[in-house]
**Student:** 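Before I ask anything, let me first share the structure, which is written out below as structure tokens.
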Amino acid sequence: MPLVSSADWAAMAVDATDIRDDNAINIVIRRAGSTLASQQVRIAGNGSGRVNDSDGASQAVGTVVILGSATLNIQTGDRFTTGGQLYEVEFVRTNRRAGIQAQARMVQ
């Protein structure tokens with residue numbers, strides 16, 4: 001018997017949808033010269049950030065977590081703009097049973 005049953009996954013999917021819908025926004029992803037249809041997600045700061053130093057210049061780089069449904073079309077390298085900031089997806093968690101989580105970094 002698996003540690004997580006199909007009923008558990010279904011309950012987690014409902015919870016993830018509730019969390020997403022509590023503060024949902026729509027983003028438009030740009031990928032390799034094409035633009036995808038608008039998709040509903042929740043974006044939250046994950047509390048991390050770093051400062052990149054290059055040739056004496058410093059730049060603060062913030063990261064966010066993206067939560068979407070199990071059908072969210074998102075890949076590493078995708079870009080989207082929200083709140084006037086451009087983000088690039090750094091990685092996508094591989095477990096898609098209850099929903100999709102990704103991490104993106106601010107690039108502008």
Side-chain angles (χ1 to χ4, degrees):
M1 174 182 235
L3 293 176
V4 180
S5 70
S6 57
D8 293 333
W9 284 115
M12 285 187 269
V14 169
D15 290 343
T17 299
D18 289 345
I19 291 168
R20 183 199 68 202
D21 291 350
D22 183 52
N23 195 12
I25 64 167
N26 289 310
I27 61 170
V28 175
I29 291 175
R30 294 177 302 282
R31 177 184 301 152
S34 63
T35 302
L36 306 182
S38 178
Q39 301 181 87
Q40 191 174 57
V41 298
R42 179 173 183 159
I43 296 179
N46 67 4
S48 70
R50 60 188 181 271
V51 175
N52 292 337
D53 290 319
S54 173
D55 297 327
S58 296
Q59 176 185 12
V61 179
T63 58
V64 295
V65 173
I66 302 131
L67 175 63
S69 71
T71 60
L72 177 64
N73 186 353
I74 193 166
Q75 298 176 5
T76 301
D78 286 350
R79 289 183 168 211
F80 63 92
T81 302
T82 185
Q85 300 295 319
L86 175 64
Y87 291 90
E88 183 174 336
V89 178
E90 293 184 307
F91 70 87
V92 179
R93 298 197 195 298
T94 56
N95 188 338
R96 296 174 176 244
R97 291 182 180 180
I100 295 177
Q101 289 185 24
Q103 180 172 310
R105 67 179 173 86
M106 187 186 329
V107 293
Q108 277 185 345

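Start at 1 with the first residue, then count along the sequence.
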**Student:** Using residues 29-36 as the side-chain source, report each donor-acceptor pair under 3.5 Å to any protein atom, sequence neighbours left out, with the distance given to one decimal.
**Tutor:**
{"residue": "R30", "atom": "NH2", "partner": "T81", "partner atom": "OG1", "Å": "3.1"}
{"residue": "R31", "atom": "NE", "partner": "D78", "partner atom": "OD1", "Å": "2.8"}
{"residue": "R31", "atom": "NE", "partner": "D78", "partner atom": "OD2", "Å": "3.4"}
{"residue": "R31", "atom": "NH1", "partner": "N73", "partner atom": "OD1", "Å": "3.1"}
{"residue": "R31", "atom": "NH2", "partner": "N73", "partner atom": "OD1", "Å": "2.9"}
{"residue": "R31", "atom": "NH2", "partner": "D78", "partner atom": "OD2", "Å": "2.8"}
{"residue": "S34", "atom": "OG", "partner": "R31", "partner atom": "O", "Å": "2.8"}

**Student:** Assess the residue pair V89 and F80 against the criterion (side-chain contact (heavy atoms from CB on, under 4.5 Å)); give the C-alpha distance rounded to whole Å, side-chain angles, the decisive distance to 0.1 Å, and a yes or no.
**Tutor:** CA-CA 8 Å; V89 178; F80 63 92; 4.3 Å; yes
**Student:** To the closest 0.5 Å, what do you measure between CD (E90) and CD (Q103)?
**Tutor:**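 Interatomic distance, E90 CD to Q103 CD, rounded to 0.5 Å: 5.0 Å.
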**Student:** Kindly write out the residues that satisfy side-chain contact (heavy atoms from CB on, under 4.5 Å) with S38, not counting sequence neighbours, or none if the list is empty.
**Tutor:**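 Here the qualifying residues are N26, V28.
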**Student:** Taking only residues two or more places apart in sequence, or in another chain, which ones meet T71 in a side chain to side chain donor-acceptor pair (under 3.5 Å)?
**Tutor:**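 Listed in chain order: S69.
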**Student:** Evaluate the side-chain proximity of I25 to T82: yes if any heavy-atom separation is below 4.5 Å, no if none is.
**Tutor:**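 Yes, side chains in contact.
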**Student:** Decide whether F91 and I66 are clustered together by the hydrophobic rule: side chain heavy atoms of Ile, Leu, Val, Met, Phe, Trp, Tyr closer than 4.5 Å, transitively.
**Tutor:**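 Not linked; separate clusters.
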**Student:** Given side chains that start at C-beta, do those of I27 and I43 come closer than 4.5 Å, heavy atoms only?
**Tutor:**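 In contact.
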**Student:** For Q101, enumerate each residue passing the side chain to side chain donor-acceptor pair (under 3.5 Å) test, keeping only those at least two apart in sequence or located in another chain.
**Tutor:**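 Scan of Q101 (side chain to side chain donor-acceptor pair (under 3.5 Å), adjacent residues dropped) gives R93.
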**Student:** Check the pair V107 / R79 against side-chain contact (heavy atoms from CB on, under 4.5 Å), numbers first and verdict last.
**Tutor:** CA-CA 9 Å; V107 293; R79 289 183 168 211; 4.1 Å; yes
